[in-house]
Amino acid sequence: MKYNTEILTDGCRELGISLSDRQIEQFMIYYEYLIEKNKVMNLTGITEFEDVMIKHFLDSLSIVKAVDMTRVERILDLGTGAGFPGIPLKIAFPDAEFVLLDSLNKRIQFLNDIIDKCRFEKITAVHARAEEAARNKLYRGSFDLCVSRAVANLSSLSEYCLPFVKKNGQFISYKSGNIDIEIKEAQNAIQILGGTQRQIICFQLPKSDISRSFVIIDKRKDTPEKYPRKAGLPTKDPLR
């Protein structure tokens with residue numbers, strides 16, 4: 001099918017990202033398969049072409065406002081779901097190594113299909129809960145950057161994400177809406193987990209009037225071994 005990809009390419013240009021014909025093709029392969037599989041499994045409530053380009057693809061890529069992706073070698077996308085932000089970032093920055101982590105195996109199967117269809121290298125989709133994967137020596141303290149668009153409070157997300165980040169690495173949380181209270185309530189948890197909140201970046205998504213924020217947390221010291229706590233606790237009883 002023929003698509004008008006200008007909204008994607010123009011939005012990327014606003015972000016300082018230049019896409020090759022092959023990268024545009026990969027985005028379209030991803031879009032088509034996302035919509036196809038969404039008919040039989042719950043991947044996204046956003047399905048219109050323009051909405052996916054802005055609210056999923058450009059939203060995922062907008063992290064370039066917070067970090068120089070060309071200098072990041074190993075990235076974990078925690079709670080990746082249908083592959084956001086990990087797959088768009090892999091398309092735009094193919095040289096980086098990505099691990100996509102999700103607790104639902106059906107979504108992992110979908111992501112593996114995308115990896116095959118787009119012929120990606122240096123990317124792995126992992127079926128596991130964050131609490132379990134963080135005990136694995138392959139993952140704990142081994143990522144330059146952990147990102148998450150998961151819908152959870154910042155305290156819980158920090159407990160899930162910071163154990164994966166190496167010292168002097170970063171955890172960046174994608175957020176929307178008013179997050180002042182959430183950030184204030186998460187300060188102690190971030191410190192306990194070895195992090196320091198460095199910056200909040202507020203912006204509008206390219207080609208839209210939608211407001212978004214990035215919370216940037218630097219990893220200053222190793223996360224204590226007892227974190228994350230057992231399955232479910234970080235969500236049910238967030239650190240305060």
Side-chain angles (χ1 to χ4, degrees), residues 30 34 37-38 41-48 51-63 65-66 75-89 98-108 110-111 125-134 143 145-165 170-187 189-190 193 195 197 200-205 208-217 227-240:
Y30 185 22
L34 174 71
K37 295 301 288 186
N38 198 58
M41 60 185 292
N42 183 25
L43 291 169
T44 178
I46 299 168
T47 56
E48 293 297 321
D51 287 341
V52 172
M53 296 302 112
I54 295 171
K55 297 177 183 178
H56 280 327
F57 292 175
L58 292 177
D59 184 36
S60 295
L61 296 173
S62 62
I63 200 170
K65 292 179 174 290
I75 301 126
L76 173 69
D77 177 7
L78 191 145
T80 186
F84 305 115
I87 295 290
L89 289 173
F98 284 82
V99 174
L100 313 179
L101 186 71
D102 199 87
S103 61
L104 190 62
N105 196 43
K106 284 185 178 180
R107 290 196 285 254
I108 295 300
F110 165 78
L111 294 171
V126 177
H127 174 224
R129 294 183 65 101
E131 300 95 325
E132 299 160 357
F143 292 90
L145 174 65
C146 179
V147 294
S148 183
R149 281 175 91 228
V151 181
N153 70 72
L154 187 59
S155 180
S156 299
L157 278 178
S158 296
E159 185 170 354
Y160 288 129
C161 293
L162 278 170
F164 292 98
V165 181
Q170 293 178 323
F171 159 46
I172 299 180
S173 177
Y174 287 67
K175 288 291 181 180
S176 60
N178 190 329
I179 56 172
D180 292 346
I181 294 175
E182 183 179 343
I183 289 171
K184 186 177 180 180
E185 290 179 343
Q187 290 303 307
I190 291 168
L193 296 161
Q197 181 198 309
I200 302 165
I201 296 177
C202 301
F203 62 98
Q204 283 191 335
L205 284 183
S208 78
D209 58 359
I210 300 169
S211 297
R212 290 283 191 266
S213 302
F214 287 118
V215 182
I216 306 172
I217 297 170
Y227 300 111
R229 292 166 291 165
K230 66 182 182 180
L233 264 183
T235 300
K236 293 176 185 175
D237 184 24
L239 293 172
R240 299 295 188 199

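None of these values were measured; they are calculated from a predicted model. FYI, side chains are in, hydrogens and waters are out, and symmetry mates aren't considered; it's all heavy atoms of this structure.
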Problem set entry | Derivation of the side-chain contact (heavy atoms from CB on, under 4.5 Å) call for Leu157 and Phe171 | CA-CA 9 Å; Leu157 278 178; Phe171 159 46; 3.9 Å; yes

For this session: Evaluate the side-chain contact (heavy atoms from CB on, under 4.5 Å) criterion for residues Thr235 and Tyr160: first the C-alpha distance (whole Å), next the side-chain angles of each, then the deciding distance (0.1 Å), finally the verdict.
Result: CA-CA 9 Å; Thr235 300; Tyr160 288 129; 2.6 Å; yes

For this session: Evaluate side-chain contact (heavy atoms from CB on, under 4.5 Å) for Ile87 paired with Thr80, printing each intermediate quantity in order.
Result: CA-CA 9 Å; Ile87 295 290; Thr80 186; 5.8 Å; no

Problem set entry | Step-by-step side-chain contact (heavy atoms from CB on, under 4.5 Å) determination, Phe164 to Val99 | CA-CA 11 Å; Phe164 292 98; Val99 174; over 6 Å; no

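Salt bridge status for Glu131 with Arg229: absent, with no side-chain N to carboxylate O gap under 4.0 Å.
The two atoms that bring Ser213 and Ile179 nearest to each other are CB-CD1, 3.9 Å, heavy atoms only. What you find for Ile183 and Ile200 is that their closest heavy atoms are CD1-CD1, 3.1 Å. Contact record, Val165 with Gln170: CG1-N, 3.4 Å, taken as the closest heavy-atom pair. The minimum heavy-atom distance linking Pro238 with Asn153 is given by the pair CG-ND2, 3.6 Å. Here the closest heavy-atom approach between residue Leu78 and residue Cys146 is recorded as CB-SG, 4.2 Å. Residue Ile201 comes nearest to Ile216 through the heavy atom pair CD1-CD1, 3.7 Å, listed as atom of the first residue, atom of the second, then distance.
Neither side chain, Ser62 nor Tyr174, offers a donor N or O lying under 3.5 Å from an acceptor on the other.
Two residues are said to be in side-chain contact when any heavy atoms from C-beta on lie closer than 4.5 Å; Glu185 and Ser155 fail this criterion. Proximity of Lys106 to Lys37: side-chain heavy atoms (C-beta onward) are nowhere separated by under 4.5 Å. Within the 4.5 Å cutoff, the side chain of Glu182 has no heavy atoms near those of the Val215 side chain. When side chains are defined from C-beta on, Pro85 counts as touching Asp77, because their heavy atoms get closer than 4.5 Å.
Between Phe84 and Phe57, the ring planes are tilted. Angles from 30° to 60° get that label.
Annotation: the span from Asp102 atom CG to Arg107 atom CZ amounts to 4.0 Å, rounded to 0.5 Å. Rounding to the nearest 0.5 Å gives a distance of 6.0 Å between CD of Gln204 and CG of Asp209. The line from CG of Leu239 to CG of Leu193 is 5.5 Å long, rounded to the nearest 0.5 Å. To the nearest 0.5 Å, atoms NZ (Lys65) and CZ (Phe203) are separated by 6.5 Å. Considering CG of Leu111 and NE2 of His127, their distance stands at 11.5 Å, rounded to 0.5 Å. Separating the CZ atom in Phe143 from the CG atom in Leu76 is a distance of 4.5 Å, to the nearest 0.5 Å.
Residues that satisfy the salt bridge (charged side-chain N to carboxylate O under 4.0 Å, His left out) test with Lys55, not counting sequence neighbours, are absent from this structure.
At least one donor-acceptor pair under 3.5 Å links the side chain of Asn38 to the backbone N or O of Thr44. Ser148 places no side-chain N or O within donor-acceptor distance of the main-chain N or O of Ser173, the cut-off being under 3.5 Å.
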